2 protein chains.
Amino acid sequence: MPAPRKFTREQLQAAALNLVDTQGLAGLTMRNLATELGTGAMTIYNYVDGREGLEELVAAAVMSQARWTETGEDWATQVAAIAEGMWWAVRAHPHAIPLILTRRSSDAATLAPAEALLRALSHSGRSGRDLLIAFRTVSGYISGFAQAELTSPLSAATPEVVTERIAALPADRFPKLIEIATVAADSDPREEFRAGLQLILAGLHA
Amino acid sequence: MPAPRKFTREQLQAAALNLVDTQGLAGLTMRNLATELGTGAMTIYNYVDGREGLEELVAAAVMSQARWTETGEDWATQVAAIAEGMWWAVRAHPHAIPLILTRRSSDAATLAPAEALLRALSHSGRSGRDLLIAFRTVSGYISGFAQAELTSPLSAATPEVVTERIAALPADRFPKLIEIATVAADSDPREEFRAGLQLILAGLHA
DNA sequence: ACCTGAACACCGTTCAAGT
DNA sequence: ACCTGAACACCGTTCAAGT
């Protein structure tokens, strides 16, 4: 993909992400994006490597928006800050989550949060294999949590649907599932995210 | 979806999963599945609620294959057994992972592993909100790890591609990423999965 | 009640022609 | 070097007609 002229990569990212946010994943189409930008569909191919490249573009657009503050405190606090920043960015674009879970681009803006997370984790004294494991655990938790919030059996567009779906389950076979479903119905996702992360950080301290 | 006659749901699941395993996600098509079964495309609609229902069918097929043994030991050992069983099932069908991450059906066979995991976790003495958080953390870890193995910046079809992609990064901006990439190149995924899970279990013990 | 072919409104992408 | 329309080979799905 050579450097093109009619649009910038940022323009493409913004238009594509806007398409996903407003019309859902089904709205992300070569033709749709092209007309949004006022060109023919084939023009997009000058900026992006086919459909897959288009999806990577959106995923990168989301991840590059992750923000956090350098706390200067202990490594665990810093890890929590970065993790929450990444999660928050993902959460702001729910329709894009399947792309973020599935495609992963390797441009600098996308990798920056990962590197920051690694650096913070390395201040726990880990390196090599231990650092890799710690990293996989935390970043797995971030995307896993985002995905769970979106598509777990406990989540849906409306709480009514959840209650209804859970009520349809045979109560004798799924008692625990029903128990936590009622708890999940009115819980604060941010509090939950933090609490789960603290669990992992406690494990990292041990 | 009323009960149909020409095929069973299991036949549909097997054929659809086989399609995904052999041809990848792009091979999962109404028309493809139909000709595989020797019918017209429209017949599939008697068994499944559109394209989305077809994807749920595949996700359910994978998750229902999770197996584990009742250890009878402490709750942490049991949690680890179930978690590893779920991860192993997912891992056996790499092409289906995007569907598992994205679609979630609520039939009994799919929910059984989740309920088992909840029961094991409840033996740590947790219930209500604490149980919910523990569950989200562990199941987030499972799918997050599976996804990371498939699509992280550190993974690719061949190790050469990873090394090449990492080598393309500016070494001064991403030192830690480069460090763990070389470690990840020759590591045993199963050992890694277990080690990360132990991290979480340690946190659950605290 | 289930099955199914034809037809419709879309896709991504190749190709060839433009500047 | 970048742009772009026409054309091709696909999709999912509606509809109407079958049994």
Side-chain angles (χ1 to χ4, degrees), chain A residues 1-61 95-96 98-99 102-105 151, chain B residues 1-61 95-96 98-99 102-105 151:
Chain A
M1 296 297 106
R5 294 180 306 192
K6 212 178 166 193
F7 308 103
T8 66
R9 184 178 156 90
E10 284 69 29
Q11 282 177 297
L12 268 271
Q13 279 189 327
L17 185 53
N18 182 58
L19 224 45
V20 174
D21 284 341
T22 57
Q23 303 183 32
L25 265 186
L28 185 66
T29 285
M30 291 291 186
R31 286 167 154 94
N32 268 358
L33 180 57
T35 57
E36 197 77 11
L37 292 167
T39 20
M42 283 308 108
T43 305
I44 311 292
Y45 285 82
N46 292 313
Y47 296 81
V48 132
D49 191 7
R51 165 83 206 186
E52 195 163 327
L54 180 59
E55 298 187 347
E56 280 178 18
L57 187 82
V58 174
H95 285 135
L99 301 185
T102 291
R103 313 283 174 199
R104 194 146 294 187
S105 75
T151 64
Chain B
M1 295 297 105
R5 294 180 307 193
K6 213 178 165 190
F7 307 103
T8 67
R9 185 180 155 88
E10 283 69 32
Q11 283 178 294
L12 268 271
Q13 279 189 327
L17 185 53
N18 183 57
L19 223 45
V20 174
D21 283 341
T22 57
Q23 303 183 32
L25 265 186
L28 184 67
T29 283
M30 292 291 186
R31 285 167 155 95
N32 268 358
L33 179 57
T35 57
E36 197 76 9
L37 292 166
T39 20
M42 284 308 107
T43 305
I44 311 293
Y45 284 81
N46 292 312
Y47 297 81
V48 132
D49 189 9
R51 166 82 206 187
E52 194 163 327
L54 180 59
E55 298 187 347
E56 280 178 19
L57 189 84
V58 174
H95 284 134
L99 300 186
T102 290
R103 312 283 173 199
R104 194 145 293 186
S105 75
T151 65

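Treat the numbers as computed from the prediction; the structure is a model and nothing was measured. In what follows, every chain begins at residue 1, and chains take the letters A, B, ... in the order their sequences are listed.
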Paired and unpaired positions of DNA chain D as dot-bracket, Watson-Crick or G-U wobble under 3.5 Å, | denoting a partner strand: ||.|||||...|||||.||

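A close approach under 4.0 Å does occur between a side-chain nitrogen or oxygen of A:N46 and OP1 or OP2 of D:dC3. Residue A:T43 places none of its side-chain N or O atoms closer than 4.0 Å to OP1 or OP2 of D:dC3. Neither OP1 nor OP2 of C:dC2 sits under 4.0 Å from any side-chain N or O of B:Y47.
Annotation: salt bridge (charged side-chain N to carboxylate O under 4.0 Å, His left out) contacts of A:E56 (sequence neighbours excluded): none. With sequence neighbours excluded, the residues forming a salt bridge (charged side-chain N to carboxylate O under 4.0 Å, His left out) with A:E52 are A:R103, listed by chain and number.
At whole-Å resolution of the value, NZ in B:K6 and C1' in C:dA1 are 15 Å apart. Regarding B:D49, its CG atom lies at a distance of 14 Å from the P atom of D:dG12, rounded to whole Å. Here the C1' atom of nucleotide D:dT13 and the CZ atom of B:R51 are 13 Å apart, to the nearest Å. Whole-Å rounding puts the B:R5 CZ to C:dC3 P distance at 6 Å.
Here the CD atom belonging to B:Q13 is positioned 11.0 Å from the CG atom belonging to B:L54, to the nearest 0.5 angstrom. Here the CG atom belonging to A:L37 is positioned 8.5 Å from the OH atom belonging to A:Y47, to the nearest 0.5 angstrom. Atoms CG and CZ, from A:L57 and A:R9 in turn, are 5.0 Å apart once rounded to the nearest 0.5 Å. Here the straight-line distance linking atom OG1 of B:T35 with atom CG of B:L19 works out to 8.0 Å at 0.5 Å rounding. Here B:L17 contributes atom CG and B:L99 contributes atom CG; the two are 10.0 Å apart, rounded to the nearest 0.5 Å. Here OG1 of B:T39 is found 5.0 Å from NZ of B:K6. Values are rounded to the nearest 0.5 Å.
Heavy atoms only, all atoms of each residue included: B:P98 and A:T102 are closest at CB-OG1, 3.9 Å. Here the closest heavy-atom approach between residue A:A96 and residue A:V20 is recorded as N-CG1, 3.9 Å.
Across residues 25-38 of chain A, A:R31 each have a non-hydrogen atom less than 4.0 Å from an atom of DNA chain D (numbered order).
Annotation: of the two residues near DNA chain D, A:I44 and B:L54, the 5′-most nearest-nucleotide partner is A:I44.
Screening residues 20-32 of chain A for side chain to side chain donor-acceptor pair (under 3.5 Å) gives A:D21-A:H93 as the qualifying pairs, with residues at least two apart or on separate chains.
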Per-nucleotide protein contact string for nucleotides 14-19 of chain C (B base, S sugar-phosphate only, - none; heavy atom under 4.0 Å): B-----

